[in-house]
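Comments concern the structure below.
None of the values given here were measured: they were computed from a predicted structure. Excluded from the calculations below are hydrogen atoms, water molecules and symmetry mates; all remaining heavy atoms, backbone and side chain alike, are included. A, B, ... follow the sequence lines: proteins, then strands. Residue 1 opens every chain.
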Amino acid sequence: MSTTPEALEQALQQTQESLSKTEEHLSQSQKNFQNLQEVVSKHFAETAPTETITMPEKPKAIATETTAVPEVAEISTTTTQPVPTVPHETPLAWQNFLIESSYFLAAILFILGLKKMSSPVTARGGIIWAGVGMVLATFVTFLYPGISNFGLIILGIMVGALPAWWFAKRVAMADMPQMIALYNGMGGGAAATIAAVELIRGAGHSATVQTLAVLGAIIGSVSFSGSIIAFAKLQGIMKKSWIFTHQQLLNLILFAIILGLGIVVILQGDSAMLLAILLFFILALAFGVLMTLPIGGADMPVVISLYNALTGLAVAFEGFVLGNAAMIIAGTVVGAAGTLLTQLMAKAMNRPLSNVLFSGFGAKGGEEITGEDVQGSLKPIDATDAAVMMAYAEQVIIIPGYGMAVAQAQHKIWELTKILDERGVRVKFALHPVAGRMPGHMNVLLAEAGVPYDMIFDLEEINEEFEQTDVALVIGANDVVNPVARTNPDSPIYGMPILNADKAKNIVVIKRGRGTGFSGIENYLFYADNTRMLYGDGQKMAAELVQQVKSL
Amino acid sequence: MIEFEVITALYIFTLAAFVGYEVISRVPVILHTPLMSGSNFVHGIVLVGAMVALGHADTTLEKFIGFLGVILATGNAVGGYFVTERMLEMFKSSKGGAQ
């Protein structure tokens with residue numbers, strides 16, 4: 001831009017011209033408005049109060065825009081009454097429109113993206129759609145009125161984005177659940193910080209808004225600290241469940257104190273004491289930790305899913321506080337979807353959600369059953385015999401569990417599948433809903449090895465087929481094939497739907513040693529007459545099976 | 001930005017909840033993990049709110065908390081995206097070709 005006086009003069013002239021244009025527009029629209037008002041008031045005289053057409057926001061905006069220039073100051077005084085049509089030249093209105101329409105578009109992209117993600121064929125496109133929505137919403141937020149600290153915002157985005165990107169690209173597929181927990185916790189924490197800034201700032205919110213800010217703060221904080229504990233447990237940093245007497249009573253008292261502090265903060269409104277607010281947040285964070293500590297590793301997926309839903313809810317509440325429709329819609333959609341997903345998972349594990357949250361599974365229960373007398377014995381087999389059995393079978397069903405992922409055997413298993421397929425053996429994969437660390441986790445691991453998704457079958461789809469199956473190959477799975485779930489009402493897993501591997505003509509179990517599964521329950525399938533145990537490391541045994549089948 | 005009437009917010013909230021429920025209810029189990037990851041990404045929209053909160057912050061304490069919020073929210077959005085993308089990239093049909 002040049003700074004010569006002529007240029008300045010010209011610029012001033014242009015500004016004045018556009019101002020007078022704006023003035024014309026305003027008076028025109030005011031006339032229109034008066035006409036409209038007459039019509040409307042006639043029409044609504046008997047039926048409705050006139051408050052239906054008040055729009056306090058826009059005129060105020062015009063006032064601030066125009067008071068800077070003295071010649072047109074009259075406008076600001078004359079526009080105090082509601083104006084339904086805002087002149088398009090006003091940058092603020094244009095800005096507003098761009099921001100709101102972008103948020104709207106982003107919300108639609110999120111919903112369509114999630115919709116696409118619900119089918120394997122279109123899933124890949126779904127995340128890209130949602131990603132486009134996110135980028136759009138982020139960029140347009142830089143235009144938000146009254147925003148400052150741009151440097152800090154950009155720095156924060158860079159500091160947050162780089163490590164998140166780096167780790168997301170590198171983490172092993174088997175470790176995916178804890179990664180989701182971590183990123184989800186960060187979202188919950190972010191929702192809590194929004195509440196913290198708004199509460200400390202004392203932005204003059206109404207009691208309703210203040211209440212939602214406080215609720216969002218509690219939920220977000222719990223989701224944040226709880227998710228970090230979940231991450232630590234799945235990552236193996238924290239191995240023990242932390243259970244002590246009166247734990248639930250303590251949690252209940254703590255929760256009551258948090259609620260009380262929250263109410264104090266709401267009632268004090270803008271004059272809320274900083275100390276009360278900080279204490280409120282610290283206790284909410286502590287509650288998240290205490291609530292998650294006693295929950296065992298096996299139940300973590302359900303907990304992560306629950307925290308995912310809670311973060312969504314917290315985001316929706318904070319969206320209401322900031323008057324941001326995109327946050328309300330996206331947060332609520334995730335909250336509802338996450339709640340349903342949590343229920344589906346809990347159902348698949350045959351454990352009511354309350355049971356997961358309020359009782360330490362895995363810590364008790366298992367031990368009492370192990371001592372029970374088991375009929376039959378464990379019958380070992382070597383890889384050669386197992387290979388022959390499978391190579392001459394008509395149909396083989398492979399039942400992979402989390403142990404397969406730990407042994408990184410999925411690639412060898414896929415190789416085995418391919419050479420069996422070449423020999424004309426029909427091979428299918430049977431997955432239990434909770435195979436892996438959470439529903440669908442095993443599908444991801446198999447997909448990573450290259451197994452096409454139409455070879456993989458759900459429990460309901462395949463359970464009938466076991467009776468016509470020659471060999472069921474169990475690798476790394478345990479509880480999900482334990483017939484005890486059908487037969488023994490005393491067992492902790494009684495009633496859980498299982499894969500009917502025991503109905504197959506032959507069963508081969510690849511297993512590292514004689515230990516029990518994740519839950520510590522003895523598996524009756526291993527002792528069945530038609531079961532053979534192939535002891536060894538999953539990957540090595542799978543490789544050996546490949547070798548043996550090839551050499552036949 | 002918009003001061004929502006309570007009833008308007010309730011409408012948005014309720015309808016969005018139904019949408020979320022409907023979107024998930026017919027999903028095969030094989031997609032539960034990617035979908036959880038995907039919905040984890042979607043609530044990364046909290047970044048927008050964190051940006052606004054930091055943008056409005058005045059005191060050092062507010063700025064510090066707001067800054068922390070932007071970092072966390074970005075981690076949610078960016079990490080959530082790439083984790084989900086990596087998972088979905090691998091889903092193939094036996095008819096060949098990545099979808």
Side-chain angles (χ1 to χ4, degrees), chain A residues 110 114-115 117-118 120-121 123-124 127 131 137 141 147 149 152-153 156-157 159-161 164-165 168 179-180 183-184 186-187 189-191 193-194 196-197 308 311-312 315 318 320 322-323 326-330 332-334 336-337 340 433 438-441 443-444 447-448 452-454 458, chain B residues 1-3 6 9 12-13 16-17 19-21 23-24 27 29-33 35-40 42-43 45-55 57 62 65-85 87-88 90-94 99:
Chain A
F110 289 155
L114 280 176
K115 183 77 209 149
M117 269 186 249
S118 58
V121 185
R124 177 89 173 83
I127 183 66
T141 304
I147 286 255
N149 302 330
L152 270 182
I153 294 177
I157 290 178
V159 171
W165 171 78
M179 232 40 213
I180 297 175
Y183 292 136
N184 170 55
M186 292 171 93
T193 60
I194 294 172
V197 172
N308 188 37
T311 301
V315 170
E318 299 313 327
F320 187 86
L322 296 173
M327 279 171 74
I328 301 183
I329 295 172
T332 312
V333 166
V334 173
L340 183 64
M438 53 186 173
H441 187 201
N443 300 79
V444 174
E448 187 191 16
Y453 61 77
D454 42 19
D458 278 354
Chain B
M1 159 147 301
I2 311 169
E3 275 292 321
V6 175
I12 301 177
F13 191 77
V19 169
Y21 194 86
V23 164
I24 294 277
V27 174
V29 176
I30 81 160
L31 280 170
H32 277 180
T33 292
L35 206 63
M36 182 159 132
S37 180
S39 60
N40 177 37
V42 165
H43 67 53
I45 189 70
V46 71
L47 173 59
V48 166
M51 286 168 73
V52 172
L54 176 56
E62 286 164 24
I65 299 173
F67 184 61
L68 205 65
V70 170
I71 293 177
L72 289 173
T74 312
N76 181 182
V78 173
Y81 181 84
F82 286 107
V83 163
T84 314
E85 201 207 18
M87 271 192 242
L88 292 177
M90 298 176 313
F91 281 96
K92 296 186 202 80
S93 146
S94 60
Q99 298 289 337

Between [options], which has the largest tally of heavy atom pairs under 4.5 Å with chain A?
options: V42(B), I12(B), T33(B); result: T33(B)
options: V19(B), L68(B), V23(B), L54(B); result: L54(B)
options: G69(B), A53(B), S39(B); result: S39(B)

To the closest 0.5 Å, what do you measure between [atom1] ([X]) and [atom2] ([Y])?
X: T141(A); Y: I153(A); atom1: OG1; atom2: CD1; result: 9.0 Å
X: M87(B); Y: L35(B); atom1: CE; atom2: CG; result: 10.5 Å
X: I127(A); Y: R124(A); atom1: CD1; atom2: CZ; result: 9.5 Å

Under 4.5 Å from any heavy atom of chain A, what part of I45(B) do you find: side chain, backbone, both or neither?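 Contact with chain A involves both backbone and side-chain atoms of I45(B).
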
Leading residue by heavy atom contact count with chain B [cutoff under 4.5 Å; candidates [options]]:
options: A336(A), G156(A), G189(A), A164(A); answer: G156(A)
options: V315(A), V159(A), T311(A), N308(A); answer: N308(A)
options: I328(A), I329(A), I157(A); answer: I157(A)
options: K115(A), E318(A), M117(A), M186(A); answer: M186(A)
options: A326(A), A137(A), G187(A); answer: G187(A)

Less than 4.5 Å apart, any side-chain heavy atom of N40(B) and any of N76(B)?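 Result yes, sub-4.5 Å side-chain heavy-atom pair found.
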
Specify the closest pair of heavy atoms between V121(A) and Y453(A), including all atoms of both residues, with the distance to one decimal.
->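 Result for this residue pair: CG2-OH, 3.4 Å.
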
Self-check item: Main-chain N/O of G160(A) paired to T74(B) side chain as donor or acceptor, under 3.5 Å
Solution: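 No, T74(B) side chain to G160(A) backbone: no donor-acceptor pair under 3.5 Å.
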
Segment of N184(A) engaging chain B (4.5 angstrom heavy-atom cut-off):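 Both the backbone and the side chain of N184(A) come within 4.5 Å of chain B.
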
* Partners passing salt bridge (charged side-chain N to carboxylate O under 4.0 Å, His left out) against E448(A) (at least two apart in sequence or in another chain) ->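 If we apply the salt bridge (charged side-chain N to carboxylate O under 4.0 Å, His left out) test to E448(A), skipping adjacent residues, there are no hits.
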
